[in-house]
**Student:** 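Below is one structure. I have some questions about it.
Only a predicted model underlies this, so the values are computations on that prediction, with no experimental measurement involved. Proteins come first, then strands; the chains are lettered A, B, ... in the order of their sequence lines, and each starts at number 1.
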Amino acid sequence: EAQVTQNPRYLITVTGKKLTVTCSQNMNHEYMSWYRQDPGLGLRQIYYSMNVEVTDKGDVPEGYKVSRKEKRNFPLILESPSPNQTSLYFCASSLMGRGRDTEAFFGQGTRLTVV
Amino acid sequence: AQTVTQSQPEMSVQEAETVTLSCTYDTSESDYYLFWYKQPPSRQMILVIRQEAYKQQNATENRFSVNFQKAAKSFSLKISDSQLGDAAMYFCAYRSGFSQGAQKLVFGQGTRLTINP
């Protein structure tokens, strides 16, 4: 089954404790990205990657890091989480280019709380 | 930069009736795509409908249809014969048609739809 898998689905952590949210896709997609969802703001892109070893900042990258060492994996790293990073996070992947086969596939979401 | 605005934070409708969710966007591009996503309490992001800007015909998917007004930069979603399972948060989203940034989605703020039995 084609899917994007995020882990964990729920996470409560303390300020300053490094954490990683994993994202893996099994569709051989080149493009992967991370979004955060906040009430009244919708989803906003944090980072994206167009292929292995190619990553770039989205609209709200401060406080986050990513890596793309393998095509299927795109982890989101919070080196020193702060309470303003409490949010719902989504990983998404898609093929590059145009057309209906380039639709985005989303993971199940990770609810992160930083206290 | 492109922006998407959903001015209705919440909407409600009686079961079996029709409801329209509003979305406006701002872009200087001529080639782009517009989407409506549904997010039920499970948090899953579900693609409801898609519209290519170069197509004049409004997209339809069963009970879901859009009113795409390109000149007005408006993209509303109509849900006919509303069902309890339609209750969810709905997001309007924009995607550029150009190769640079073509996969990035720009989302509106969301509209929470309640279905009254």
**Student:** With a 4.5 angstrom heavy-atom cut-off, is it the side chain or the backbone of A:Q108 that approaches chain B, or both, or neither?
**Tutor:** backbone
**Student:** Same cluster for B:L21 and B:L34 if Ile/Leu/Val/Met/Phe/Trp/Tyr side chains link at under 4.5 Å?
**Tutor:** yes
**Student:** For A:S94, is it the side chain, the backbone, both, or neither that has a heavy atom closer than 4.5 Å to a heavy atom of chain B?
**Tutor:** side chain
**Student:** Should A:V60 and A:L112 be regarded as members of a common hydrophobic cluster, given that ILVMFWY residues are connected when their side-chain heavy atoms come within less than 4.5 Å of each other, either directly or indirectly?
**Tutor:** yes
**Student:** Examine whether an atom of B:Q6 lies under 4.5 Å from a heavy atom of chain A, and if so say whether it belongs to the side chain, the backbone or both; otherwise answer neither.
**Tutor:** neither
**Student:** Treating Ile, Leu, Val, Met, Phe, Trp and Tyr as nodes and any side-chain heavy-atom pair under 4.5 angstrom as an edge, say whether B:Y25 and B:I49 lie in one connected cluster.
**Tutor:** yes
**Student:** Atom CZ in A:F74, atom SG in A:C91: separation rounded to 0.5 Å?
**Tutor:** 7.0 Å
**Student:** Looking at every non-hydrogen atom in both residues, tell me the closest pair between B:D86 and B:F64 and how far apart they are.
**Tutor:** OD1-CZ, 3.8 Å
**Student:** For chain A, which residues from residues 72-85 of chain B have at least one heavy atom closer than 4.5 Å to it?
**Tutor:** none
**Student:** Check whether the side chains of A:N51 and A:E53 place a donor and an acceptor atom closer than 3.5 Å, and report yes or no.
**Tutor:** no
**Student:** May I ask you to list the residues in residues 108-116 of chain B that approach chain A closer than 4.5 angstrom, counting heavy atoms only, ordered by number?
**Tutor:** B:G108, B:Q109
**Student:** Check the pair B:F35, B:Y94 against ring-ring contact (aromatic ring centres under 6.0 Å, His included), reporting the backbone distance first and the verdict last.
**Tutor:** CA-CA 6 Å; B:F35 306 88; B:Y94 170 102; 9.2 Å; no
**Student:** Looking only at heavy atoms, which of residues 34-43 of chain A get nearer than 4.5 Å to chain B?
**Tutor:** A:Y35, A:Q37, A:G40, A:L41, A:G42, A:L43
**Student:** Does any heavy atom of chain B fall under 4.5 Å from the side chain of A:L95, the backbone, both, or neither of them?
**Tutor:** backbone
**Student:** For A:L76 and A:V66, work out which heavy atoms get closest and say how close.
**Tutor:** CD1-CG1, 3.8 Å
**Student:** Does the plane of the ring in B:F107 sit parallel, tilted or perpendicular to the ring in B:Y37? Use 30° and 60° as the thresholds.
**Tutor:** tilted
**Student:** Looking at every heavy atom in both A:S93 and A:M32, which two are closest together, and how far apart are they?
**Tutor:** CB-CG, 3.9 Å
**Student:** Could you look at A:R111 and say if it's the side chain, the backbone, both or neither that has a heavy atom under 4.5 Å from chain B?
**Tutor:** both
**Student:** Counting heavy-atom pairs under 4.5 Å with chain A, which one of B:M89, B:M45, B:R43, B:Q44 comes out on top?
**Tutor:** B:R43
**Student:** Taking a hydrophobic cluster as the set of Ile, Leu, Val, Met, Phe, Trp and Tyr residues connected by side-chain heavy atoms closer than 4.5 Å, whether directly or through intermediates, do A:M50 and A:Y47 fall within one such cluster?
**Tutor:** no
**Student:** Starting at CD of B:Q51, measure out to CH2 of B:W36 and round the result to the nearest 0.5 Å.
**Tutor:** 13.0 Å
**Student:** Could you report the tightest heavy-atom contact between A:S67 and A:P75, atom names first, then the distance?
**Tutor:** O-CD, 3.3 Å
**Student:** Could you tell me whether a side-chain N or O of B:T27 sits under 3.5 Å from a main-chain N or O of B:E29, the two making a donor and an acceptor?
**Tutor:** yes
**Student:** Would you kindly confirm whether B:Y32 and B:V66 end up in one hydrophobic cluster when ILVMFWY residues are joined by side chain heavy atoms under 4.5 Å apart?
**Tutor:** yes
**Student:** So which bits of residues 11-29 of chain A come within less than 4.5 Å of chain B, counting non-hydrogen atoms only?
**Tutor:** none
**Student:** Inspect the contact between A:E70 and A:R68 and indicate whether a charged nitrogen and a carboxylate oxygen are less than 4.0 angstrom apart.
**Tutor:** no
**Student:** Taking all non-hydrogen atoms of both residues into account, name the closest pair between B:S65 and B:T60 and its distance.
**Tutor:** CB-CG2, 3.7 Å
**Student:** In this structure, are over 12 heavy atoms from other groups packed under 6.0 Å from B:K70 atom NZ?
**Tutor:** yes
**Student:** Check A:Y89 against A:Q6 and note the closest heavy-atom contact, atom names and distance.
**Tutor:** O-NE2, 3.1 Å
